[in-house]
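The block underneath contains the structure these notes are about, expressed in structure tokens.
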Amino acid sequence: MTTNPNTSTLDYAAVKPNDTRAYSVRNILSHVFALVVAGFFLYAAYGKIGPVNARQFAVQIGNYKILDAAYSNIPAIILPFIEVYAALALLFPKTRKAGAILMAGMLLFFICAVFYSAIHLGLSIDCGCTGKGGSKAGWGVIARNTGLLIATGLSVWLYQCGPCAPKTSVDS
Amino acid sequence: MKHIFGVIVILIVSVITGVAAKAMWYDTWSPTKAAPPQKMAWVKQQTSDAIAKTGADRNQPGTSGDASEKVTDNDAEVSDSSGATDASLTADAAVSNDEPEFSGGFPVAKLDMVVDHLINGTAHFVDAREEYEFDDGHLKGAHLLPSSAIYENIENLMAVGVLPGPGKPIIVYCGGGSCEASHNVAKVMAEFDYQNIYIYVNGWEEVMAEPDRFAGQTE
């Protein structure tokens with residue numbers, strides 16, 4: 001990056017093309033990561049919303065033995081909607097940080113829950129991640145959730161650092 | 001700070017949506033409404049036939065003394081909320097001379113009872129474990145109803161002739177331990193009017209530990 005010593009301002013002609021490209025790539029990557037995470041969460045929430053799906057999800061939550069079965073209905077009803085709204089928030093740059101905070105919170109909680117029930121207690125249970133059966137809770141789920149957690153972080157970090165277009169330097 | 005505000009807003013909106021969905025959508029659903037009307041009519045017919053047959057069997061002389069009287073008193077009495085029939089429970093207790101044990105509101109099936117029913121084909125066996133565990137091995141003739149997808153698969157039980165009502169005993173088993181999965185499956189089956197449900201609490205763990213007793217009874 002070169003600056004014009006006479007004016008103490010950036011030489012836009014010299015730096016703009018590369019930085020603009022970097023800006024675009026970072027932003028595109030940010031959107032891609034956000035889309036992947038949000039898409040997964042929307043798909044997961046779809047399988048948990050509805051009278052039958054919510055009942056099934058309550059059973060899956062009960063299988064974890066973290067909550068008493070009597071209380072598993074409450075997260076079974078509310079959690080899918082948090083997933084939907086957090087996913088939508090993650091998609092839009094203006095609300096991305098708020099969505100990412102919720103996503104990260106949920107993912108961390110899911111990782112801890114799977115670790116506690118499947119690894120620590122040794123329960124052979126379905127993860128209930130998408131409301132449908134067929135995905136065993138274990139290291140595989142922990143790895144996938146960790147990946148989603150990293151992608152969530154990147155979607156925010158890349159977007160924050162995205163505006164790499166040169167800032168005007170302070171005149172001395 | 002504004003992001004935290006955003007998080008709070010999302011949480012509040014989620015709670016409101018959830019409460020609204022429960023009140024206006026989820027609570028209007030019931031298992032009996034969900035089943036196809038034609039099938040339910042058939043199921044009800046089967047159920048009344050089963051009640052009549054059970055009553056006739058119980059009134060036959062020669063069944064064990066006091067116990068048979070107890071059974072007759074409870075004849076055709078529909079079970080408690082857990083779905084277990086008191087009458088059949090008393091009958092089974094009489095056979096084994098044991099006090100019936102309960103787990104999560106359901107009578108517990110012990111090893112002898114399970115082996116008897118398995119050999120004589122006098123009970124339906126429902127495997128509450130996951131599909132990958134079922135594929136590795138299960139009790140002969142058991143029906144797969146994984147606790148992670150009960151509602152999706154419960155109609156498959158009706159399709160293979162495991163019907164709601166006080167028919168043959170239904171023994172639900174899982175991997176062992178505290179057998180949470182089988183309790184969940186049993187609860188949902190009771191929602192669908194299944195009765196005479198037993199939990200084989202020791203489950204597959206005991207089946208593996210007693211290979212002689214279950215010889216030829218697994219697949």
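Every chain is numbered from 1, with letters handed out A, B, ... down the list of sequences.
Among A:T95, A:L88, A:V84, A:I78, the residue with the largest count of heavy-atom pairs under 4.5 Å with chain B is A:I78. If you tally non-hydrogen atom pairs under 4.5 Å between each of A:I101, A:N73, A:L102 and chain B, the highest count goes to A:L102. Among B:G6, B:A149, B:A181, the residue making the largest number of heavy-atom pairs under 4.5 Å with chain A is B:A149.
In this structure, the portion of B:V188 lying under 4.5 Å from any heavy atom of chain A is its side chain and not its backbone. Residue contact with chain A, scored on non-hydrogen atoms closer than 4.5 Å, involves the side chain of B:Y132 exclusively.
Interatomic distance, B:I150 CD1 to A:Q60 CD, rounded to the nearest 0.5 Å: 8.5 Å. With values rounded to the nearest 0.5 angstrom, B:K2 atom NZ is found 8.5 Å from A:K97 atom NZ. To the nearest 0.5 Å, atoms CG (A:L123) and SG (B:C174) are separated by 10.0 Å. Atom CG of A:D126 and atom CD of B:E131 lie 10.5 Å apart (nearest 0.5 Å).
Annotation: A:K65, atom NZ; neighbour count of heavy atoms from other residues, nucleotides and ligands within 6.0 Å is above 12. Heavy-atom neighbours of A:Y46 OH from other residues, nucleotides or ligands within 6.0 Å: at or below the threshold of 12.
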**Prompt:** What's the verdict on side chain to side chain donor-acceptor pair (under 3.5 Å) for A:N63 and B:S147, showing C-alpha distance, side-chain angles and the deciding distance?
**Reply:** CA-CA 8 Å; A:N63 283 347; B:S147 69; 3.0 Å; yes

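Without hydrogens or angle criteria, A:Q56 side chain to B:S148 main chain gives a donor-acceptor distance under 3.5 Å. Between the B:E130 side chain and the A:K136 main chain, no donor and acceptor come within less than 3.5 Å of each other.
Listed here is the closest heavy atom pair of A:K48 and B:Y26: O-OH, 4.5 Å.
Using a 4.5 Å heavy-atom threshold, the side chains of A:S124 and B:E133 count as touching. Side-chain contact check for A:Y85 versus B:T17: some heavy-atom pair is nearer than 4.5 Å. Between B:L11 and A:F81, every side-chain heavy-atom pair lies at or beyond the 4.5 Å cut-off.
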